[in-house]
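So you know, we letter chains A, B, ... as the sequences are listed, proteins then strands, and number each from 1.
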There are 2 protein chains.
Amino acid sequence: MNFDAVPAHAPLELEHFLPYRLSILSNTVSQGIAAEYEERFQLSMTEWRVMTILARFPEVSAREVVERTAMDKVAVSRAVSRLVDAGRVDRGTHDGDKRRSVLKLSEAGWAIHDEVAPLARAHERELLAKLSAEEREHLDRILDKLLAI
Amino acid sequence: MNFDAVPAHAPLELEHFLPYRLSILSNTVSQGIAAEYEERFQLSMTEWRVMTILARFPEVSAREVVERTAMDKVAVSRAVSRLVDAGRVDRGTHDGDKRRSVLKLSEAGWAIHDEVAPLARAHERELLAKLSAEEREHLDRILDKLLAI
DNA sequence: ACGTTATAGTTTCACCTGAAACCATTTGCA
DNA sequence: TGCAAATGGTTTCAGGTGAAACTATAACGT
């Protein structure tokens with residue numbers, strides 16, 4: 001005999017559902033950091049990500065930025081245009097392949113980078129402060145595994 | 001004497017930067033799941049999230065959905081409207097407070113829920129399969145800490 | 001050498017998103 | 001009781017986003 005008046009629909013429990021928890025955490029963290037530099041420097045998150053790539057790998061093409069950020073190529077194209085317009089990035093053309101752009105931070109771009117980078121790092125430290133040293137190591141290893149293709 | 005020709009700009013290493021890694025992981029995972037049901041059921045991720053809440057907590061108001069999902073109230077309002085239009089959610093008015101809506105899944109809504117929920121769970125299992133039982137426990141505890149306000 | 005195919009990057013389009021303004025209703029308090 | 005403030009929800013507006021189409025250039029195979 002079935003005493004359940006309503007069939008068991010087995011609803012998802014979002015608060016224990018890993019993809020959902022990751023989404024909440026990621027949004028909270030990223031928006032927390034972005035909120036600081038967006039207003040202060042009129043800098044969007046995609047623009048900032050492009051800048052971090054150009055800081056580490058000067059003279060790359062837009063395509064390499066796409067590869068290194070996992071961002072959409074349209075998003076990168078637009079972010080780069082805005083950065084060039086704002087005088088934060090210099091865009092040249094590759095010798096020998098006129099399709100390719102050659103991107104690097106301008107002086108102004110470096111100046112902003114050098115202000116925002118410590119700010120981002122401080123946020124990360126604050127987040128990691130909630131964990132023990134052991135947990136930080138675990139998280140690092142776990143993310144490595146989950147992010148492996 | 002300073003032998004560094006260029007000042008040390010200390011660029012961020014995105015691939016080791018926690019907020020960035022979380023963002024990549026979260027997007028990959030969520031989009032992987034959403035890709036399956038979006039086309040098959042014309043169901044957006046926000047709509048699906050609203051449905052999971054209504055599955056677990058029948059007869060809630062839109063405001064409660066907002067509270068439980070950490071989604072924007074505009075996004076919830078629109079998702080609910082689409083779900084009502086599609087006949088997947090029934091929207092009534094609260095007795096004694098005509099501002100409040102009373103939302104619940106319709107028969108059609110439940111039918112879709114019962115197809116998508118196992119699919120979502122399967123994706124989560126697949127993701128967690130990359131980890132050992134111990135790592136899964138660690139991740140759970142770590143997320144608890146990081147998500148605590 | 002030359003036409004097909006591939007690649008770098010931009011534009012278009014259709015949609016999603018959040019902040020702010022807005023409307024209706026309810027609550028709180030003088 | 002009556003009026004200001006708060007609340008639930010929707011609409012508006014000003015972006016941001018990705019898929020697909022497009023342009024320009026380069027690479028490849030015959």
Sub-3.5 Å pairs of nitrogen or oxygen atoms, protein against nucleotides 2-4 of chain C:
none

(request) Starting at atom CD of B/E39, determine the distance to atom P of D/dG18, rounded to an integer number of angstrom. (result) 18 Å
(message) Using a 6.0 Å distance limit plus a 45 degree cone around the ring axis, check whether A/R68 lies over the aromatic ring of A/F57.
(response) yes
(message) Could you tell me how far apart A/E38 (CD) and C/dT17 (P) are, to the nearest whole angstrom?
(response) 17 Å
(message) With a 4.0 Å cut-off on N to O distance, would you call B/E135 and A/K145 a salt bridge?
(response) yes
(request) For nucleotides 4-13 of chain D, just jot down a letter per nucleotide in 5' to 3' order: B, S or -, based on protein non-hydrogen atoms under 4.0 Å. (result) --BBSBBBB-
(request) Nearest whole angstrom, please: distance from the C1' of C/dC15 to the CE of B/M45. (result) 14 Å
(message) On DNA chain D, compare the nucleotides closest to A/G96 and A/S44; which residue's is nearer the 5' end?
(response) A/S44
(message) Does any part of the side chain of B/D140, heavy atoms only, come nearer than 4.5 Å to the side chain of A/R21, both counted from C-beta?
(response) yes
(request) Give a yes or no on whether a salt bridge exists between B/K73 and B/E67, defined as a side-chain N under 4.0 angstrom from a carboxylate O. (result) no
(request) Could you check how far CE of A/M71 sits from C1' of D/dG16, rounded to whole Å? (result) 12 Å
(request) In whole angstrom, give the distance that lies between atom CZ of A/R82 and atom P of C/dG9. (result) 17 Å
(request) Would you kindly give the CG-to-P distance between B/N27 and C/dT17, to the nearest whole Å? (result) 13 Å
(message) Without decimals, in angstroms, what is the distance between A/L43 CG and D/dG16 C1'?
(response) 15 Å
(request) Provide the closest heavy-atom pair for B/Y20 versus A/T69 in the form atom of the first, atom of the second, distance. (result) OH-O, 2.6 Å
(message) Quick test of your reading of the model: are A/R100 and A/D97 salt-bridged, counting only N-O distances below 4.0 Å?
(response) yes
(request) Look at the aromatic rings of A/H113 and B/H9 and report parallel, tilted or perpendicular, splitting at 30° and 60°. (result) perpendicular
(message) Looking at A/K130 and B/D144, is any side-chain nitrogen of the basic one under 4.0 Å from a carboxylate oxygen of the acidic one?
(response) no
Return all side-chain donor-acceptor pairs below 3.5 angstrom for residues 103-111 of chain B, not counting sequence neighbours, or 'none' if the list is empty.
unit_1	atom_1	unit_2	atom_2	d
B/S106	OG	B/G87	O	2.6
B/S106	OG	B/R88	O	3.2
B/S106	OG	B/A108	N	3.4
B/S106	OG	B/G109	N	3.1

(request) Find the distance A/D72:CG to C/dT10:P and express it as a whole number of Å. (result) 13 Å
